[in-house]
Amino acid sequence: MEFPRVVAGAARIVRDVGIAEELAQDALVAALEQWPRDGVPDNPGAWLMATARHRAVDLVRRRETYARKLAGIGRDAGLVTAPPEDPPGPDDIDDDLLRLVFTACHPALSAEARTALTLRLLGGLTTAEIARAFLVPEATVAQRIVRAKRTLARKNVAFEVPYGPDREARLGSVLDVIYLIFNEGYAATAGDDWLRPALCEDAVRLARVLSALMPKEPEVHGLTALLEFQASRTAARTGPDGEPVLLKDQNRARWNRMLITRGTAALTRADAVASGPWGPYVLQAAIAACHAHAYRYEETDWRRIAALYGLLAARVPSPVVELNRAVAVSMAEGPEAALPLVDALSAEPALSAYHLLPSVRGDLLARLGRADEARQEFARAAGLATNAREREMLRRRAEGAGG
């Protein structure tokens with residue numbers, strides 16, 4: 001839980017994310033050695049941060065001592081002069097985690113490398129978890145992360161939140177990565193827990209900070225609104241034993257109205273600063289708003305949701321978006337109207353191992369009274385699911401013939 005903050009705090013000192021990660025790991029090893037003997041400190045996160053920063057300062061001091069010796073030799077030989085310090089940016093922001101996101105999303109890295117590195121450093125995900133999330137071999141993810149850290153070090157990328165054109169160039173990747181971090185917390189790809197609340201909290205906080213940093217960017221406000229709306233449901237998304245609770249079965253009295261209010265305000269800001277058609281995150285936020293503003297499941301405006309998904313599919317064509325649109329169509333027009341849409345997606349390579357495709361199809365078949373077929377689809381979805389909680393829920397639905 002504390003790993004991203006420890007990495008970010010160390011990176012601010014050593015200016016190298018690879019070394020910062022090693023220092024954070026050293027702090028964790030020190031904790032494993034000392035805590036069983038001395039007891040767990042009152043504030044474990046502060047202890048880890050202080051330990052990593054202490055080692056980072058020692059490393060920098062050793063570097064500076066070495067650099068001073070070299071500089072002294074150079075001055076004696078009349079070869080070097082001290083370089084001027086870089087001035088701070090006019091709208092720089094003091095947030096180590098956000099610096100880490102922008103650093104990991106540097107244009108020198110490929111899109112795949114940016115995502116893998118940020119999920120590793122910010123999300124604290126293992127290479128195996130990242131590999132499962134993106135359906136690629138674990139070795140591929142490991143290579144991407146190692147190469148990304150080497151590239152940042154070789155190019156001496158500054159640990160900073162850039163401004164001007166540099167910030168704009170990285171913004172899309174930053175938004176995507178913050179969204180991915182939230183999603184991993186909202187519905188974990190693997191493990192025994194369906195939710196990882198700490199990831200959601202970090203993603204929401206980063207989105208809020210970014211909104212304050214870039215108040216004229218509609219997509220930034222759109223992402224913030226989307227995460228606020230989604231996070232508002234957290235308390236109602238699991239049962240007493242941590243089992244998933246489907247949207248239609250959630251107790252909406254447990255939805256966080258304050259977060260819904262914040263999401264509504266962020267969506268209003270996004271619309272106010274938008275100079276053209278809504279972007280993908282604003283559209284997704286508008287969809288989430290439809291759910292958030294329905295006090296009962298039966299009051300959901302599914303026709304508007306289906307229309308918004310149609311706009312989203314036009315902006316960012318994706319089989320996952322089409323699958324979500326099919327769900328909305330099934331609620332607005334009936335399962336018989338949506339089943340052909342879902343069947344058309346069965347040949348999509350990107351969805352071949354996506355457990356929600358057979359899950360959605362099973363739900364449609366169950367609503368059409370085709371229980372045996374629904375049972376088969378839920379069983380297939382359970383076989384594809386990598387999260388233990390979700391897999392168990394799908395197995396129960398298969399046993400109940402989609403009931």
Could you walk me through whether D363 and R367 pass the salt bridge (charged side-chain N to carboxylate O under 4.0 Å, His left out) check? CA-CA 6 Å; D363 184 70; R367 290 165 58 192; 3.7 Å; yes

To the nearest 0.5 Å, what is the distance between CG on D301 and NE2 on H293? 12.0 Å

Assess whether atom CZ of R304 is packed by more than 12 heavy atoms of other residues, nucleotides or ligands within 6.0 Å. no

Would you say R257 has more than 12 foreign heavy atoms packed within less than 6.0 Å of its CZ? yes

Kindly check if the number of other-residue, nucleotide or ligand heavy atoms within 6.0 Å of OH (Y295) is above 12? no

Would you tell me whether R196 and Y186 have side-chain atoms, one donor and one acceptor, within less than 3.5 Å of each other? no

To the nearest 0.5 Å, how far apart are SG in C290 and CZ in R303? 13.5 Å

Would you sort out whether W302 and H291 count as a ring pair (Phe, Tyr, Trp, His ring centres under 6.0 Å), showing the intermediate values? CA-CA 9 Å; W302 289 107; H291 292 293; 5.3 Å; yes

For the residue pair C105 and V177, establish whether any side-chain heavy-atom pair is separated by less than 4.5 Å. yes

To the closest 0.5 Å, what do you measure between CD (E390) and NE2 (H355)? 3.0 Å

Reported CD-to-CZ distance for the pair E392 and R389, which is rounded to 0.5 angstrom: 9.0 Å

Would you indicate whether the side-chain heavy atoms of V282 and L226 approach each other to under 4.5 Å? no

Quick one, R120 with E21, criterion salt bridge (charged side-chain N to carboxylate O under 4.0 Å, His left out). Give me CA distance, side-chain angles, the key distance, then yes/no. CA-CA 10 Å; R120 174 75 191 103; E21 185 181 14; 3.1 Å; yes

More than 12 foreign heavy atoms under 6.0 Å from CG of D42: is that the case here? no

Is a donor from one side chain sitting under 3.5 angstrom from an acceptor on the other, for Q250 and Y297? no

